[in-house]
Protein chains: 2
Amino acid sequence: MTIQPILEEFKKHLPFNDEEAALMENRVVQRKVKRRQTILQEGMICKHYSFVVKGCFRMYSIDEKGIEHNIQFAAENDWITDIGSFYSDTPSKLYIEALEPSVILQIEKLDLYFLYISIPKLVRIFKVIIEKKFVELQNRVLQNISSTAQQRYLSFVEQYSNLAHRLPSTQIASYLGITPEFLSKIRKELSSR
Amino acid sequence: MTIQPILEEFKKHLPFNDEEAALMENRVVQRKVKRRQTILQEGMICKHYSFVVKGCFRMYSIDEKGIEHNIQFAAENDWITDIGSFYSDTPSKLYIEALEPSVILQIEKLDLYFLYISIPKLVRIFKVIIEKKFVELQNRVLQNISSTAQQRYLSFVEQYSNLAHRLPSTQIASYLGITPEFLSKIRKELSSR
DNA sequence: ATTAGACCTTAAACTAGATTAAGTTTTTTT
DNA sequence: AAAAAAACTTAATCTAGTTTAAGGTCTAAT
């Protein structure tokens with residue numbers, strides 16, 4: 001079954017029976033994405049909720065000066081979408097790009113709405129998913145307004161150790177809101193102690 | 001009916017019928033909160049989801065140096081809770097304090113769970129509420145990693161003009177992640193142009 | 001196998017924002 | 001109404017992080 005990875009993930013919340021799984025299987029599409037390929041670009045309406053089976057993505061915005069700013073990473077068993085664009089059908093200001101060759105499972109908006117009605121507990125599951133992401137984001141805001149770049153780097157490495165050794169440091173710097181040059185300085189300082 | 005302000009707010013999502021309203025009325029408690037009084041403190045488990053009827057609150061954390069950092073404000077018709085502590089029954093690291101004499105409506109966790117079961121669309125409503133807050137928070141993260149303090153101040157004033165003229169500038173500085181002295185400098189610079 | 005394009009590092013000069021400190025005004029409490 | 005406490009401002013000094021620039025390494029594509 002294509003959606004097996006999603007079902008495994010849902011077991012942590014509220015497990016699905018065979019009938020529910022079959023309903024979902026019909027509405028989910030698997031897709032391969034090459035390294036550097038984008039699945040969302042500025043100006044597009046975000047049509048899908050995507051689940052990462054294999055690989056890694058970043059969501060970023062480009063400012064007036066042309067500089068990219070990483071808002072979020074998503075690796076195996078994580079969900080990624082521009083939730084604002086997705087639910088309100090407005091053009092996105094963001095990009096979602098594969099940082100590695102990847103495999104994802106995608107659900108379209110109307111299919112997700114159909115599933116919300118036919119499998120009511122799915123609403124509960126997606127509510128819990130977003131609540132967890134909300135808490136993570138809130139902690140990140142707190143860090144941003146209260147900590148130095150070094151402290152933020154250390155807690156990024158601690159919290160996302162799987163990502164930290166897998167991502168180019170340019171991408172991490174962009175996520176932390178500092179220049180790659182300064183991250184290099186921080187790393188040197190840390191290694192010399 | 002005590003919960004009238006909540007019902008008005010829900011009309012924007014999915015309106016309640018009389019029966020549903022009565023169920024909810026039984027599970028909601030009204031409470032007056034004095035200026036500077038806290039409804040949540042570090043170490044406590046956050047027991048309530050709170051709806052602001054009148055007044056204004058801030059949620060903040062205190063760092064090792066004793067400095068307070070504002071994570072969120074909530075004024076009329078907004079919800080406030082430490083969602084991490086509330087759903088996982090873990091001690092909070094945050095404070096919620098009234099910045100003005102206030103009136104709130106509170107729902108306890110078990111009551112909310114009862115209502116989620118007896119009024120299924122309530123799950124949908126709270127999912128949408130948190131999704132909107134998620135988008136706001138994501139924009140704030142983007143601002144924090146990509147903009148100067150002046151730009152962040154200007155977009156705070158634009159987005160929350162109702163709050164901006166109501167809050168002491170110390171509180172705004174703490175929310176923006178800068179010192180009150182530097183905010184004063186920014187304001188002077190803006191007014192002289 | 002070679003070249004182009006990312007990626008990483010170092011270092012000097014610069015700037016946004018912090019810190020310290022002192023003085024003024026406004027608000028709150030008694 | 002007076003006293004205390006909180007809030008706002010200005011300015012000098014300091015520092016975390018940026019900018020610019022150059023050289024070096026690694027990876028990927030022809």
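All chains are named by letter (A, B, ...) in the order of the sequence lines, taking the proteins before the strands, and each is independently numbered beginning at 1.
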Walking DNA chain D from its 5' end, the first of A:Ile186 and B:Leu167 to be reached, judged by nearest nucleotide, is B:Leu167

Counting side-chain heavy atoms from C-beta on, which of [options] comes nearest to [X]?
{"X": "B:Thr170", "options": "C:dG17, D:dT19, D:dA7", "value": "D:dA7"}
{"X": "A:Arg187", "options": "D:dC8, C:dT9, C:dA18", "value": "C:dT9"}
{"X": "A:Ile178", "options": "D:dA11, D:dT18, C:dT10", "value": "D:dT18"}
{"X": "B:Ala149", "options": "D:dA7, D:dG17, C:dG17", "value": "C:dG17"}
{"X": "A:Lys185", "options": "D:dG17, D:dT19, D:dC8", "value": "D:dG17"}
{"X": "B:Glu181", "options": "D:dT20, C:dA16, C:dA21", "value": "C:dA21"}
{"X": "B:Arg152", "options": "C:dG17, C:dC7, C:dT10", "value": "C:dG17"}

Send over the distance from [X] [atom1] to [N] [atom2], rounded to a whole Å.
{"X": "A:Ile172", "N": "C:dC7", "atom1": "CD1", "atom2": "C1'", "answer": "13 Å"}
{"X": "A:Phe182", "N": "D:dT18", "atom1": "CZ", "atom2": "P", "answer": "6 Å"}
{"X": "A:Leu183", "N": "D:dT18", "atom1": "CG", "atom2": "P", "answer": "10 Å"}
{"X": "A:Lys34", "N": "D:dA29", "atom1": "NZ", "atom2": "C1'", "answer": "13 Å"}
{"X": "B:His69", "N": "C:dA18", "atom1": "NE2", "atom2": "P", "answer": "11 Å"}
{"X": "A:Asn144", "N": "C:dG17", "atom1": "CG", "atom2": "C1'", "answer": "15 Å"}
{"X": "B:Tyr153", "N": "C:dA16", "atom1": "OH", "atom2": "P", "answer": "19 Å"}
{"X": "B:Arg166", "N": "D:dA7", "atom1": "CZ", "atom2": "C1'", "answer": "18 Å"}

Touch class at under 4.0 angstrom, heavy-atom based, for B:Thr179 against every strand present = base

Would the A:Tyr49 and A:Phe126 ring centres measure less than 6.0 Å apart?
-> yes

Test item: side-chain donor near acceptor, A:Gln171 and A:Arg58, under 3.5 Å = yes

Side chains of A:Thr2 and A:Gln30, donor plus acceptor under 3.5 Å = no

If the [atom1] atom of [N] is compared with that of [M], how far apart are they to the nearest Å?
{"N": "C:dC8", "M": "D:dA21", "atom1": "P", "value": "22 Å"}
{"N": "D:dC8", "M": "C:dA21", "atom1": "P", "value": "22 Å"}
{"N": "C:dA13", "M": "D:dG24", "atom1": "C1'", "value": "23 Å"}

Below 4.0 Å: OP1/OP2 of D:dA11 and any side-chain N or O of B:Lys188 = yes

Evaluate the criterion side-chain contact (heavy atoms from CB on, under 4.5 Å) for residue pair A:Tyr95 and A:Glu97; output intermediate values, then yes/no.
-> CA-CA 6 Å; A:Tyr95 299 76; A:Glu97 183 197 67; 5.7 Å; no

Please tell me which of B:Arg35 and A:Arg36 maps to the more 5' nucleotide of DNA chain C, matching each residue to the nucleotide holding its nearest heavy atom.
-> A:Arg36

I would like to know whether B:Lys93 and B:Asp63 meet salt bridge (Lys or Arg N to Asp or Glu O under 4.0 Å); could you show each step before the answer?
-> CA-CA 10 Å; B:Lys93 291 177 177 174; B:Asp63 70 19; over 6 Å; no

Examine distances only and state if a side-chain atom of B:Arg152 and a backbone atom of B:Leu176 form a donor-acceptor pair shorter than 3.5 Å.
-> yes

